[in-house]
2 protein chains.
Amino acid sequence: MRDFSRSLPMSLLRAREAVMRQFRPSLREHGLTEQQWRILRALAAIEAVEVTELARTAFLLGPSLSRILRDLEARNLIERKTAKADLRRSMVSISEKGVKLMASVAPSSEAIYSEITRRYGARKLAELQDMLAELERSLGELGASDEAIAEE
Amino acid sequence: MRDFSRSLPMSLLRAREAVMRQFRPSLREHGLTEQQWRILRALAAIEAVEVTELARTAFLLGPSLSRILRDLEARNLIERKTAKADLRRSMVSISEKGVKLMASVAPSSEAIYSEITRRYGARKLAELQDMLAELERSLGELGASDEAIAEE
DNA sequence: GGAAGATACTTAACATGTTAAGTGAATGCG
DNA sequence: CGCATTCACTTAACATGTTAAGTATCTTCC
C-alpha cells in the first residue's frame with residue numbers, strides 16, 4: 001500500500017494547514033474562527049442570502065452553519081429576517097458592526113495573503129489554483145454529494 | 001477584497017473535500033473515520049511508535065490523537081505499552097484485529113485512489129503533489145507551528 | 001540529591017464536521 | 001380542498017480541531 005504520507009488527501013491536508021497556520025493567529029486576535037470569517041466574507045459581497053445558499057458559498061454544512069449563525073447573531077455581527085413570501089426561508093445579512101469588524105481584520109489578512117503569494121510566486125499560485133479546480137471538476141461530476149442513487 | 005471563493009484556502013478546502021467525499025462512504029461502511037484510518041495506516045508501516053511521533057506522521061494534534069487512541073484501544077484495534085526506559089512515553093502498535101480490518105478496507109480504498117488517478121491523470125496528479133509540497137516548503141520555513149518568538 | 005525546568009502525554013472546554021432525526025411551512029396532485 | 005411529499009432549516013449526538021491547563025516523569029544543574 002502506498003506510503004500514506006504521500007497520498008493526495010494528506011498532501012492537500014498539509015498544504016491547507018500550512019496556509020491556515022498563517023491566518024489563524026490574526027483571526028484569533030479579532031475573536032474570529034476561520035469559519036466565522038468565511039461567513040462574514042461571503043456576506044460582505046451581497047445584500048442578503050438564504051441560509052442554504054450561504055452554506056454553499058461559505059462551504060459549510062447546514063448544521064455547522066446553523067450553530068455559527070446563532071452565535072454570530074448573538075454577537076450582533078449579522079442580522080436575519082424571515083422571508084415574507086416563504087416563512088421557511090430566512091435572509092441573512094452582515095450588520096454594521098460586522099462590516100466594521102471585517103474592516104479591522106482585512107488589512108492583516110490581505111498582508112498575509114500577499115506574503116504567501118510573494119513566497120510561493122504569483123504565477124505558480126495561479127497554476128496551483130487551476131489544477132485544484134480541475135481536480136474538483138474531475139471528481140465532482142460523478143462523486144457529487146447527493147446523487148439520486150438508490151440507497152439500495 | 002478578493003472574491004473569497006477563489007482564495008487559496010477555499011481552493012484547497014474544496015479540493016480536499018472533493019477527494020475525501022470519494023473515500024468516506026467506504027470507510028464508514030467499515031466503521032472508521034478518516035482520522036482513525038490515517039492512524040491505522042501510519043501504524044501499519046512500523047512496529048511501534050511513540051504517541052508524539054504518531055501525531056506527526058498522522059498529522060493530528062495531540063489532544064485529538066489521545067482521544068482517538070483511547071477509542072481504538074477500546075475496540076482492540078491497537079495496543080499500547082509504556083516504554084521501560086521512560087515511563088512518560090507509550091509505544092503504540094496496531095493489533096492483529098487492526099491488521100485484519102485494514103486488509104478488509106484496503107481493496108476498496110485502493111480502487112478509489114486508482115479511479116481518482118485515472119480521472120485526473122497520473123502525471124497531473126504527481127505534478128499537483130509536487131506543487132503542494134513546494135507550497136508547504138515556502139510557508140513552512142517561517143510560519144512553523146512553534147517558533148520561539150516572543151508571545152507578543 | 002533535590003528543587004526547577006523540560007518533556008510526554010492527558011484532560012478540559014469550546015467550536016466545527018458529519019450524519020440522522022425533528023419541525024414547521026410550502027407544493028403537488030388526486 | 002386535503003393529504004402526502006418536498007423543502008428549508010434546526011436539533012441532536014457523536015467525532016475531531018484547537019487552545020489552555022493539568023499530571024506524571026525525566027533532566028539539569030547547583
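Protein chains get the first letters and strands the later ones, always in sequence-line order, with residue 1 at the start of each.
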For this session: Tell me whether the OP1 or OP2 atom of dT10(C) has a side-chain N or O from R80(B) closer than 4.0 Å.
Result: yes

Problem set entry | Nearest-angstrom distance from the residue atom CD of E50(B) to P of dT7(C) | 14 Å

Problem set entry | NZ/NE/NH1/NH2 to OD/OE distance under 4.0 Å, R56(B) and E53(B) | yes

Exercise. So, does the side chain of R88(A) form a donor-acceptor pair with the base of dC7(D) at under 3.5 Å?
Worked result: yes

Problem set entry | Q35(B), nearest nucleotide to its side chain (from dT16(D), dA20(C), dT16(C)) | dT16(D)

Exercise. What integer distance in Å separates L27(B):CG from dA15(D):P?
Worked result: 16 Å

For this session: Quick one: pull up CE in M131(A) and CE in M131(B) and give me the separation to the nearest 0.5 Å.
Result: 6.5 Å

Exercise. Is there a side-chain contact between V49(A) and T57(A) (heavy atoms, below 4.5 Å)?
Worked result: no

Problem set entry | E115(A)/R118(A) salt bridge by N-O under 4.0 Å criterion | yes

Seminar exercise, completed: Closest to the side chain of V51(A), out of dT10(D), dT19(C), dT16(D), is dT10(D)

Exercise. What's the CZ-C1' distance between R67(A) and dG17(D), to the nearest Å?
Worked result: 12 Å

For this session: Mind calculating the distance between CG (L65(A)) and P (dC9(D)) to the nearest angstrom?
Result: 9 Å

Exercise. With a 3.5 Å cut-off and just heavy-atom distances, do the side chain of R24(A) and the base of dG17(D) make a donor-acceptor pair?
Worked result: no

Problem set entry | Residue mapping more 5' on DNA chain D - nearest nucleotide basis, P63(A) or G62(B) | P63(A)

Exercise. Checking S95(A) side chain against L77(A) main chain: does a donor-acceptor pair fall under 3.5 Å?
Worked result: yes

Exercise. Can you check the E53(B) CD to dT7(C) P distance for me, whole Å?
Worked result: 16 Å

Problem set entry | Separation of dT16(D) P from I39(B) CD1 (nearest whole Å) | 8 Å

Problem set entry | Listed nucleotide nearest any side-chain atom of E17(A), set dA25(C), dT18(D), dA15(D) | dT18(D)

For this session: Respond yes when some side-chain nitrogen or oxygen of T33(B) is under 4.0 Å from OP1 or OP2 of dT16(D), and no when none is.
Result: yes

Exercise. Out of dG17(D), dT10(D), dG17(C), which nucleotide sits closest to the side chain of R38(A)?
Worked result: dG17(C)

For this session: Check the distance between dT16(D)'s C1' and D71(B)'s CG and give it to me in whole angstrom.
Result: 11 Å

For this session: Indicate whether OP1 or OP2 belonging to dC9(C) is found under 4.0 Å from a side-chain N or O atom of S66(B).
Result: no

Exercise. For R89(A) and dT10(D), what is the distance between atoms CZ and P respectively, to the nearest whole Å?
Worked result: 13 Å

Problem set entry | Residue met sooner reading DNA chain C from 5', once L61(A) and L87(A) are mapped to nucleotides | L61(A)

Problem set entry | Touch class at under 4.0 angstrom, heavy-atom based, for T52(A) against every strand present | sugar-phosphate

Exercise. Any Lys/Arg nitrogen of E17(B) or R24(B) sitting under 4.0 Å from an Asp/Glu carboxylate oxygen of the other?
Worked result: yes

Seminar exercise, completed: Assign each of I68(B) and S90(A) the nucleotide of DNA chain D bearing its closest heavy atom; nearer the 5' end lies the nucleotide of S90(A)

